[in-house]
Each structure stands twice: as structure tokens, then as C-alpha cells.
There are 2 protein chains.
Amino acid sequence: MVKEQNTERIILEAAREVFHLKGMAGARMQEIADKAGINKALLHYYYRSKEKLFEAILLDTIQRFLPTVRELWESDYSVFQKIENFVHGYIDLLKQNSYMPAFILQELNLNPNFLKEMMEKQIISFNPMKFFMQIEDETRRGKIIPIQPIQLVINMLALSIFPFMAKPMITGFTHMGNDDFNRLMDMRKTDITNFIINSIRLR
Amino acid sequence: MVKEQNTERIILEAAREVFHLKGMAGARMQEIADKAGINKALLHYYYRSKEKLFEAILLDTIQRFLPTVRELWESDYSVFQKIENFVHGYIDLLKQNSYMPAFILQELNLNPNFLKEMMEKQIISFNPMKFFMQIEDETRRGKIIPIQPIQLVINMLALSIFPFMAKPMITGFTHMGNDDFNRLMDMRKTDITNFIINSIRLR
DNA sequence: GTCTATAATTTGATAGAC
DNA sequence: GTCTATCAAATTATAGAC
């Protein structure tokens with residue numbers, strides 16, 4: 001039983017690494033088995049098929065994205081404080097694993113119904129109302145410019161997440177190393193926060 | 001000879017469609033052949049292997065991205081005008097084919113040397129100096145805030161490109177249709193331009 | 001639970017006729 | 001140039017021993 005939990009954890013970690021980099025189509029069960037230090041047959045013992053293993057990883061990966069956005073929707077912080085928390089949250093998350101967003105978005109492209117199914121099963125939810133009203137409130141009070149809440153959220157996501165998806169391009173063109181890139185991302189935590197706040201604050 | 005050019009064009013168009021959506025690993029020669037209305041053998045007659053066909057598509061796709069960024073580097077417009085042109089250029093490009101950026105970045109992730117090789121062969125170049133100095137000039141003249149040019153460029157790319165990569169997520173969560181999404185992207189052309197200019201302009 | 005060996009299927013690639 | 005038929009390799013999945 002102890003053995004079982006341990007092996008399962010090792011499998012999931014190996015599978016995550018391989019699926020994140022190669023995607024569903026490019027991943028090989030053999031590579032996952034090698035990375036986990038077991039053999040292919042055992043993979044099928046724990047997860048009946050590649051498909052099942054993949055879905056476990058995809059769902060788990062999506063769920064790692066949710067806490068930060070749920071805090072944006074539901075917490076009681078001010079708009080500016082929420083923006084800072086959001087940017088810091090995602091950049092810190094992605095510094096650990098920069099492949100996550102490209103993986104999620106590519107697989108959602110291939111299977112547009114996945115999200116809908118997860119929402120119907122209440123496994124994933126999307127309740128931005130409180131935050132959207134907060135934005136409209138601040139606009140009415142003359143604190144920020146008029147802006148569609150959805151556009152603001154897209155901008156926050158874009159500025160936080162895109163650089164990690166573009167990491168090979170950024171490091172390739174600028175001849176940065178890994179450490180340089182991570183330093184750049186650390187600077188972005190305050191840079192982007194200011195960038196966003198500057199652009200919406202009314203002065 | 002006329003037939004040859006025509007068939008080759010049809011093949012490339014079919015291959016682009018399939019590779020863009022499925023990637024190198026997920027694409028099937030059979031699907032490309034079907035979409036082109038020919039059979040697999042003919043694909044191999046024109047392109048010796050899947051690998052060769054893929055590389056043709058990848059290079060062509062990257063090159064479609066270059067004119068807009070080259071204009072950013074090399075033209076004589078003002079900084080603010082360049083930002084507007086850049087945002088409009090990429091959003092208009094991606095409204096036609098939203099899969100391009102995810103395709104390019106995923107394949108660069110898998111083959112980080114590709115970019116380096118293309119730069120060494122002078123097929124792709126990267127000369128941002130003039131634009132970077134323009135930014136520093138405007139900062140010195142008190143027109144815009146101090147900002148690292150590379151961060152500004154990343155922000156411009158992120159705000160223009162990311163929403164297309166996140167299209168399935170955006171439409172999935174908000175229950176938008178395709179037309180709604182395209183309208184949102186059209187609005188972004190001016191929204192983002194203002195967003196960026198607002199955040200860097202000194203007042 | 002874990003392994004070795006092998007079946008079954010998919011898929012890129014080629015031979016050869018027209 | 002284009003097709004049909006077929007090969008060869010790669011890869012998922014399973015059977016069965018320990």
C-alpha cells in the first residue's frame with residue numbers, strides 16, 4: 001500500500017514532465033516509464049491507457065492554475081492589490097515549470113470540449129462576477145479608467161504567462177541563459193504590476 | 001509544370017493547416033493527403049519525408065511573423081506610432097490563423113537549436129538596436145517612463161499574441177462564439193494600443 | 001506489484017504500374 | 001506526376017510468470 005502510493009506518485013511526476021514538454025501526441029509511454037524507473041507494463045497497471053494517464057495530468061495541471069485566479073475572483077483585496085498578487089502568483093508558479101501554459105492551451109485547442117465538460121461536472125468553475133463588479137465600481141468612483149473587465153483579465157494573464165511560453169524565442173534571440181531569464185522574470189513581477197496599474201489608474 | 005506548382009501549393013496549404021493545429025508529432029501524413037485531395041505517396045514525391053515537409057511549414061510560418069517586427073526595428077515612425085502599427089499588424093495577422101503562435105513556440109520548445117541555426121544561416125535576423133535606442137531617447141527626453149526595451153517588446157508581443165493562444169480558454173469560459181471573439185480582438189487593437197501607451201507615457 | 005515477452009495497431013516510407 | 005499495394009519501424013497494449 002505504501003509502495004503503491006509511492007509508485008503512483010513517481011509515475012505521475014514522470015508523466016507530467018514528459019507530457020508537459022512533448023504533449024499528448026509527442027509523449028511516449030516508454031519515455032515516461034524510463035523516467036519513472038519502471039517498465040511500460042506497470043504504467044498500464046496503474047493507468048489503463050495513455051489516454052487515461054494523460055487526462056489525469058491535464059486535469060491536475062489545470063487545477064494548479066486555479067487558486068491564483070480564484071483568489072482574484074473571490075478575495076476582498078483592493079483591485080491594485082489583487083493585480084499585484086495575481087502577477088506574483090503566476091510568475092512564481094511558472095518559474096518552476098514554464099511548460100504548463102503551452103501544454104494546457106495546446107491540448108485545449110485539440111479538445112475544445114474538455115473545458116466545457118469539466119465545467120458541467122463542476123470540477124472547474126468560473127465565477128468572476130465579484131471582481132468584475134469591483135472593476136466597474138472603481139471606474140464609477142473615478143479611480144480607474146473605463147475598461148472591459150474581460151480585457152483587463154486577458155491583459156493580466158498575457159503579461160504574466162506569455163513570456164514563459166515564449167522563453168525559447170526570448171532566450172534564443174537575446175542569447176540569454178537560464179539564470180538571466182529567471183532574473184528578467186523576477187523583475188517583471190514589479191514591472192508588470194506597475195505597467196498594468198499605470199495604464200488603468202486615473203490621475 | 002503548371003500542374004506541379006499547383007499541386008505543391010495545395011500540399012503546402014493542407015500541410016500548414018494540419019501542422020498548425022496538431023503540431024509535428026500529432027500531424028498525420030494521411031490527414032494532410034486527404035485534405036489536399038491526393039494520396040500519401042504523392043506527398044513523399046514532393047517532400048521526401050514528413051520531417052522535410054514540416055520544416056518547410058515551420059520556416060514559412062516564422063517568416064510570416066517577421067515583417068511586422070522588422071518594421072518595428074527598422075522604420076522611422078515615432079514610438080507611439082510603432083506601437084499602434086505593431087499591435088494592429090499582429091492582431092490582423094492572427095485573426096486569419098490563430099494557431100500560428102502556439103505552433104511556433106511549441107516547436108521551438110522542442111528544438112531550441114532551430115532558431116540559432118536559422119540565425120547563423122542568416123535566414124532569420126534580429127536587429128532591435130535602432131528601436132531600443134529610440135526608447136532610450138524618448139526616456140531621456142522625458143516623454144516616456146524608464147523601461148527596459150526588452151520588457152516593452154515582450155509586453156507588446158504578449159498583449160497582441162496571447163489572446164489567440166488562449167482562444168479556447170477565453171471562449172470556453174465566457175461562452176463566446178467565434179464572431180464574439182473576433183469582435184473582442186478587433187476592439188483590442190485600439191484598447192491595447194492605448195493600454196500600452198498609457199502605461200509608458202509621462203504626464 | 002512488477003517484470004519479460006509478445007501481440008496488435010498505427011503510420012511513415014517505398015516499389016512499381018500507368 | 002499520380003496512383004495502388006505493400007513494407008518496415010515504432011508504439012500502445014496485453015498475457016502470463018514470479
Side-chain angles (χ1 to χ4, degrees), chain A residues 1-61 99 103 106-107 109-111 114, chain B residues 1-61 99 103 106-111 113-114:
Chain A
M1 195 51 75
V2 168
K3 193 69 172 294
E4 188 180 328
Q5 284 185 10
N6 199 34
T7 304
E8 182 151 5
R9 198 175 46 72
I10 291 172
I11 288 176
L12 284 175
E13 223 149 283
R16 172 160 41 239
E17 238 182 283
V18 176
F19 277 127
H20 279 188
L21 180 56
K22 309 275 179 83
M24 167 63 184
R28 292 292 166 257
M29 293 296 265
Q30 185 63 59
E31 189 180 352
I32 295 173
D34 290 347
K35 196 161 296 231
I38 58 171
N39 62 26
K40 275 189 302 178
L42 203 53
L43 285 184
H44 284 87
Y45 173 79
Y46 280 95
Y47 294 87
R48 233 177 338 146
S49 65
K50 182 183 177 182
E51 183 78 26
K52 292 245 185 291
L53 180 52
F54 167 76
E55 279 178 14
I57 298 297
L58 178 56
L59 186 57
D60 174 78
T61 306
Y99 298 126
F103 167 73
Q106 169 63 12
E107 302 301 340
N109 256 328
L110 258 47
N111 190 350
F114 185 86
Chain B
M1 194 50 76
V2 167
K3 194 70 172 294
E4 188 180 329
Q5 285 184 10
N6 199 36
T7 303
E8 182 151 6
R9 198 175 46 71
I10 291 171
I11 288 177
L12 284 175
E13 225 149 280
R16 172 161 41 239
E17 236 181 285
V18 176
F19 277 127
H20 279 188
L21 180 57
K22 308 276 179 86
M24 167 63 185
R28 293 292 165 257
M29 294 295 266
Q30 186 62 58
E31 189 179 353
I32 295 172
D34 290 347
K35 195 160 297 234
I38 57 172
N39 61 25
K40 273 191 302 178
L42 204 52
L43 285 183
H44 285 87
Y45 174 79
Y46 281 95
Y47 293 87
R48 235 176 335 148
S49 65
K50 182 183 178 185
E51 182 78 26
K52 293 246 185 290
L53 180 53
F54 167 76
E55 279 178 15
I57 299 297
L58 177 57
L59 188 56
D60 175 76
T61 305
Y99 299 127
F103 168 73
Q106 169 64 9
E107 301 301 339
L108 287 186
N109 256 329
L110 259 44
N111 190 352
N113 291 328
F114 185 86

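Letters A, B, ... are given to chains in the order of the sequence lines, protein chains preceding strands, and every chain is numbered from 1. Because only heavy atoms are used, hydrogens play no part in the values below, and waters and symmetry mates are left out as well, while side chains stay in.
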Any donor-acceptor N/O pair, B:Lys50 side chain to B:Met24 backbone, under 3.5 Å: yes

Once you round it to whole Å, what is the distance between [atom2] of [N] and [atom1] of [X]?
X       : N      : atom1 : atom2 : value
B:His44 : D:dG1  : NE2   : P     : 17 Å
B:Lys40 : D:dT6  : NZ    : C1'   : 10 Å
B:Met29 : D:dC3  : CE    : P     : 14 Å
B:Leu42 : D:dA5  : CG    : P     : 17 Å
B:Ile38 : C:dG12 : CD1   : C1'   : 15 Å
A:Ile11 : C:dC3  : CD1   : C1'   : 14 Å
A:Asp34 : C:dC3  : CG    : C1'   : 14 Å
B:Leu43 : C:dT11 : CG    : C1'   : 13 Å

Among D:dT2, C:dA13, D:dA13, the nucleotide that comes nearest once only the side chain of B:Thr7 is considered: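 Given the options D:dT2, C:dA13, D:dA13, the side chain of B:Thr7 is closest to D:dT2.
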
Could you measure the distance from the [atom1] atom of [X] to the [atom2] atom of [Y]? Nearest 0.5 Å is fine.
X       : Y        : atom1 : atom2 : answer
B:Leu21 : B:Tyr99  : CG    : OH    : 5.0 Å
A:Phe54 : A:Glu107 : CZ    : CD    : 3.5 Å
A:Leu53 : A:Arg16  : CG    : CZ    : 10.5 Å
B:Tyr45 : B:Glu8   : OH    : CD    : 10.5 Å
A:Ile38 : A:Leu43  : CD1   : CG    : 4.5 Å

Is the distance from OP1 or OP2 of [N] to the nearest side-chain N or O of [X] less than 4.0 Å?
X       : N      : value
B:Asn39 : D:dC3  : yes
A:Tyr46 : C:dT2  : yes
A:Arg28 : D:dT12 : yes

N-O pairing of B:Glu13 and B:Lys35 below 4.0 Å: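 Not counted as a salt bridge, because no side-chain N and carboxylate O are separated by less than 4.0 Å.
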
Sugar-phosphate only, base, or nothing, as touched by B:Ala33 at under 4.0 Å among non-hydrogen atoms: nothing

Can you give me the N/O atom pairs linking the protein to nucleotides 15-18 of chain D at distances under 3.5 Å, or say none if there are none?
none

Stretch residues 47-60 of chain A: residues that reach within less than 4.0 Å of DNA chain D through a heavy atom: A:Arg48, A:Ser49, A:Lys50

Residue from A:Leu42, A:Leu12, A:Ile57, A:Ile32 passing side-chain contact (heavy atoms from CB on, under 4.5 Å) with A:Tyr47: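 Passing option: A:Leu12.
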
Aromatic plane relationship, A:Phe103 with A:His20 - under 30° parallel, 30 to 60° tilted, over 60° perpendicular: tilted

